[in-house]
Amino acid sequence: MKNQNYTESQHTAFCISQRYGSQPFSEILDNIKGALKRREFDILFELNLKDYLKNHLKDMPSQVILSVCNPETAFSALSKDPQTGIFLPCSVTVKEIEQGNIKVSIEDTGITWSPSKELTQIARKTTETLKGILPEAEQPGMKL
């Protein structure tokens, strides 16, 4: 996985990503967690892919997937469409793409929830709220 080409993933339709380079992976991850908490997103599940796949991929860079949910948003979405549970929770990833470069990606719920017309406004609002965490990734002192 050392020679991955990340240029094509910059424009993936289902997520919005931003790269950072001035802080270590662990600080950016902590800052993202703090930013989510301030927006009342609960982290329901945290998967460290490097640890999970260590027996399969020896040289995998650090990557953590956060499954996040805002209870009010979830309630609103489920009230509009009971099948919304298939979309929940939302995903945020923090990935080391090369030494000193970290990429944070948020799920673009405006795209991933698009099959449900009832959820359009809720999805757009959720994406905008999640986008708000991106500028906080490199801010000093923003940890939990």
Side-chain angles (χ1 to χ4, degrees), residues 1-2 4-21 23-98 101-144:
M1 293 191 60
K2 281 184 179 179
Q4 285 187 341
N5 178 353
Y6 289 98
T7 55
E8 74 281 354
S9 66
Q10 287 287 83
H11 307 289
T12 303
F14 51 83
C15 70
I16 298 165
S17 300
Q18 189 165 326
R19 291 183 183 206
Y20 305 92
Q23 288 181 307
F25 179 87
S26 61
E27 285 185 33
I28 289 180
L29 179 60
D30 286 345
N31 289 347
I32 290 298
K33 288 178 183 181
L36 287 162
K37 185 176 185 109
R38 284 186 292 284
R39 286 164 181 79
E40 299 180 353
F41 275 82
D42 296 316
I43 298 172
L44 305 177
F45 182 72
E46 181 175 333
L47 175 62
N48 183 322
L49 281 177
K50 184 176 182 174
D51 289 347
Y52 178 68
L53 296 174
K54 67 183 170 192
N55 293 330
H56 300 282
L57 299 168
K58 302 292 184 209
D59 62 351
M60 182 172 183
S62 296
Q63 182 172 350
V64 173
I65 300 171
L66 302 173
S67 296
V68 303
C69 197
N70 174 287
E72 289 181 28
T73 301
F75 176 76
S76 294
L78 287 165
S79 296
K80 296 245 184 224
D81 183 347
Q83 290 296 93
T84 301
I86 197 71
F87 302 129
L88 300 175
C90 300
S91 294
V92 175
T93 62
V94 180
K95 177 190 320 185
E96 186 173 35
I97 53 175
E98 53 194 36
N101 283 308
I102 312 301
K103 180 177 178 181
V104 177
S105 300
I106 61 158
E107 178 181 346
D108 185 348
T109 55
I111 301 295
T112 59
W113 296 9
S114 64
S116 176
K117 290 180 175 66
E118 296 84 4
L119 300 177
T120 302
Q121 285 185 314
I122 297 169
R124 286 184 184 146
K125 183 180 178 200
T126 301
T127 296
E128 288 306 310
T129 302
L130 287 173
K131 278 171 60 175
I133 71 171
L134 295 174
E136 295 181 30
E138 282 190 312
Q139 293 183 4
M142 297 298 288
K143 297 179 187 177
L144 283 174

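Here, residue 1 is the first one in the sequence, and each next residue gets the next number.
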I'd like to know whether K95 forms a side chain to side chain contact (heavy atoms under 4.5 Å, CB included) with I102, so could you lay out the CA-CA distance, the side-chain angles of the two residues, the decisive distance to 0.1 Å, and finally the verdict. CA-CA 6 Å; K95 177 190 320 185; I102 312 301; over 6 Å; no
Determine whether the side chains of T126 and T109 contain a donor N or O and an acceptor N or O closer than 3.5 Å. no
How far does CG of D108 sit from SG of C90, to the nearest 0.5 angstrom? 10.5 Å
What's the spacing between F14 CZ and S105 OG if we round to 0.5 Å? 9.0 Å
Under 4.5 Å between any side-chain heavy atoms of R38 and E136, yes or no? yes
Side chain to side chain contact (heavy atoms under 4.5 Å, CB included) with Y20: of V104, N101, V94, only one passes, and it is V104
Considering non-hydrogen atoms only, spot the tightest contact between L44 and P89 and give its length. CD1-CB, 3.9 Å
Near Q83 CD, under 6.0 Å, is it more than 12 heavy atoms from other residues, nucleotides or ligands? no
When rounded to the nearest 0.5 Å, the distance separating CG of L53 from CD of Q63 is 9.0 Å
Exam field: side chain N31 to backbone A137, donor-acceptor pair closer than 3.5 Å: yes
Any side-chain heavy atom of V64 within less than 4.5 Å of one from L47? no
Whether the side chain of R39 engages the backbone of G132 through a donor-acceptor N/O pair (distance < 3.5 Å, no angle test) should be reported. yes
Straight-line distance of N48 CG to M60 CE, nearest 0.5 Å: 8.5 Å
Would you say that L130 contacts F41 through its side chain, given a criterion of any heavy-atom pair below 4.5 Å between the two side chains? yes
Audit row: I133, I106, side chain to side chain contact (heavy atoms under 4.5 Å, CB included) steps and yes/no: CA-CA 9 Å; I133 71 171; I106 61 158; 3.9 Å; yes
Run E46 and I65 through side chain to side chain contact (heavy atoms under 4.5 Å, CB included) and show every step you take. CA-CA 6 Å; E46 181 175 333; I65 300 171; over 6 Å; no
Looking only at heavy atoms, the pair that brings W113 and A123 closest together is CE3-CB, 3.5 Å
Do the side chains of E96 and K50 get close enough for a salt bridge, i.e. N-O under 4.0 angstrom? no
L66 side chain reached by L36 side chain, heavy atoms, under 4.5 Å: yes
Heavy-atom closest pair, residues Q23 and I28: O-CD1, 3.8 Å
Indicate the atoms forming the closest heavy-atom contact of L78 with G85, along with that distance. CD2-N, 3.6 Å
Between E107 and S91, does the side chain to side chain contact (heavy atoms under 4.5 Å, CB included) criterion hold? Intermediate values first, please. CA-CA 5 Å; E107 178 181 346; S91 294; 4.1 Å; yes
All salt bridge (charged side-chain N to carboxylate O under 4.0 Å, His left out) counterparts of K54, not counting sequence neighbours: none
Closer than 4.0 angstrom, basic N to acidic O: yes or no for E128 and K131? yes
Return yes if some donor-acceptor pair links the side-chain N/O of T127 with the main-chain N/O of G110 below 3.5 Å, else return no. yes
Mark yes or no for whether E138, through its side chain, and G21, through its backbone, hold a donor-acceptor pair below 3.5 Å. yes
Suppose we screen for salt bridge (charged side-chain N to carboxylate O under 4.0 Å, His left out). Which residues come up paired with E40, at least two apart in sequence or across chains? none
Taking the side chain as C-beta and beyond, is there a heavy-atom pair between F87 and L119 under 4.5 Å? yes
Not counting sequence neighbours, list each pair that qualifies as a side-chain hydrogen bond (donor to acceptor under 3.5 Å, both in side chains) and has a residue in residues 70-82. N70-T73, D81-S116
